[in-house]
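Working notes, structure below.
Chain naming here is simple, since letters A, B, ... match the order of the sequence lines and numbering starts at 1 in each. Only a predicted model underlies this, so the values are computations on that prediction, with no experimental measurement involved.
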Number of protein chains: 2
Amino acid sequence: MPKIIVEIMPKQDLLDPQGKAVANALTRMGNKDISGVRIGKRIELHFDREVTDKDLEDAKKQAKEFLSNDVIEDVVAVTVEN
Amino acid sequence: MPKIIVEIMPKQDLLDPQGKAVANALTRMGNKDISGVRIGKRIELHFDREVTDKDLEDAKKQAKEFLSNDVIEDVVAVTVEN
């Protein structure tokens with residue numbers, strides 16, 4: 001199914017308690033080499049037809065203005081999977 | 001910073017009320033062409049050194065056994081970004 005994938009992460013200078021908890025758990029489980037974990041969102045927008053350049057443009061705008069919270073999150077990628 | 005990115009999505013036959021809400025909102029905003037929205041997780045595992053093949057293997061195992069809930073989620077990708 002054609003889709004646009006929007007990837008959103010918490011801003012770097014923001015605490016991410018959920019990520020911190022996972023990082024602590026991984027360390028407890030013996031993964032000493034993982035220095036940190038951040039947990040963000042992966043949003044799939046599905047289409048019943050091929051994704052056009054216009055769709056991608058629209059999705060980038062929506063990702064910034066609607067799907068993410070600009071105060072605490074960064075849109076790190078918007079990609080098409082046809 | 002070297003990192004492994006784990007992408008996790010809710011299983012296809014599972015309701016995703018958050019995704020449904022976003023899909024409805026996008027339709028209300030005039031995006032008639034988006035047939036559905038699914039919202040999953042994007043987890044970054046950070047390393048202070050280069051990521052090795054062994055790290056990737058470990059991460060794939062952790063993604064399946066610990067980072068995702070096998071009953072309701074699928075690991076859709078585990079990638080390295082050095």
Side-chain angles (χ1 to χ4, degrees), chain A residues 1-12 16 18-52 54-63 65-68 73-79 81, chain B residues 1-12 16 18-52 54-63 65-68 73-79 81:
Chain A
M1 183 194 293
K3 54 187 119 173
I4 293 177
I5 297 160
V6 177
E7 290 167 64
I8 296 169
M9 295 300 292
K11 278 188 194 292
Q12 268 205 330
D16 173 9
Q18 197 188 359
K20 187 80 187 137
V22 170
N24 290 345
L26 286 173
T27 304
R28 264 200 316 279
M29 289 159 70
N31 299 271
K32 307 291 181 208
D33 293 329
I34 293 174
S35 60
V37 175
R38 308 286 284 175
I39 301 185
K41 279 183 282 187
R42 181 183 187 278
I43 303 176
E44 287 185 359
L45 308 175
H46 295 179
F47 291 78
D48 289 328
R49 51 162 181 75
E50 287 275 291
V51 174
T52 64
K54 170 79 166 57
D55 293 328
L56 185 59
E57 277 315 301
D58 288 349
K60 282 182 180 167
K61 196 157 173 282
Q62 281 151 10
E65 293 176 2
F66 174 69
L67 298 173
S68 70
E73 292 170 326
D74 285 319
V75 178
V76 293
V78 181
T79 47
E81 202 178 288
Chain B
M1 181 193 296
K3 55 185 118 169
I4 292 176
I5 296 160
V6 177
E7 291 167 65
I8 295 168
M9 295 301 292
K11 277 190 194 292
Q12 268 206 330
D16 174 8
Q18 199 187 358
K20 187 78 187 139
V22 170
N24 289 345
L26 286 173
T27 304
R28 263 201 315 280
M29 288 159 71
N31 297 272
K32 305 292 180 206
D33 292 329
I34 294 174
S35 60
V37 176
R38 307 287 284 176
I39 302 186
K41 279 185 281 189
R42 182 183 186 279
I43 302 176
E44 287 185 358
L45 308 175
H46 295 178
F47 290 78
D48 288 330
R49 52 164 179 74
E50 287 274 290
V51 175
T52 64
K54 171 83 166 58
D55 293 328
L56 185 59
E57 278 316 299
D58 289 349
K60 281 181 181 170
K61 195 157 174 283
Q62 282 149 13
E65 292 176 3
F66 174 69
L67 298 174
S68 70
E73 292 170 326
D74 286 318
V75 178
V76 293
V78 181
T79 47
E81 200 177 290

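- Nearest heavy atom pair, residue B:Ala63 against residue B:Val75, reads O-CG2, 3.6 Å.
- No other option in A:Gln18, A:Glu44, A:Arg49 has as many heavy-atom pairs under 4.5 Å with chain B as A:Glu44.
- For chain B, the nearby part of A:Phe66 is the side chain; its heavy atoms alone come within less than 4.5 Å.
- In terms of heavy-atom proximity, B:Glu73 sits nearest to B:Lys11 at O-NZ, 3.8 Å.
- Residue with the most contacts toward chain A among B:Asp33, B:Ile39, B:Asp58: B:Asp33 (heavy-atom pairs, distance under 4.5 Å).
- Of the listed residues (A:Leu26, A:Asp55, A:Val22), the greatest number of heavy-atom pairs within a distance under 4.5 Å of chain B belongs to A:Leu26.
- Neither the backbone nor the side chain of A:Ile4 comes within contact range of chain B; no heavy atoms are under 4.5 Å apart.
- Between B:Ile8 and A:Arg42 there is no side-chain heavy-atom pair separated by less than 4.5 Å.
- Contact annotation: the side chain of A:Asp16 never approaches that of A:Met9 to less than 4.5 Å [non-hydrogen atoms, C-beta and beyond].
- Of the two parts of A:Val51, neither the backbone nor the side chain holds a non-hydrogen atom closer than 4.5 Å to a non-hydrogen atom of chain B.
- A donor-acceptor pair shorter than 3.5 Å cannot be found between the side chains of B:Thr27 and B:Asn24.
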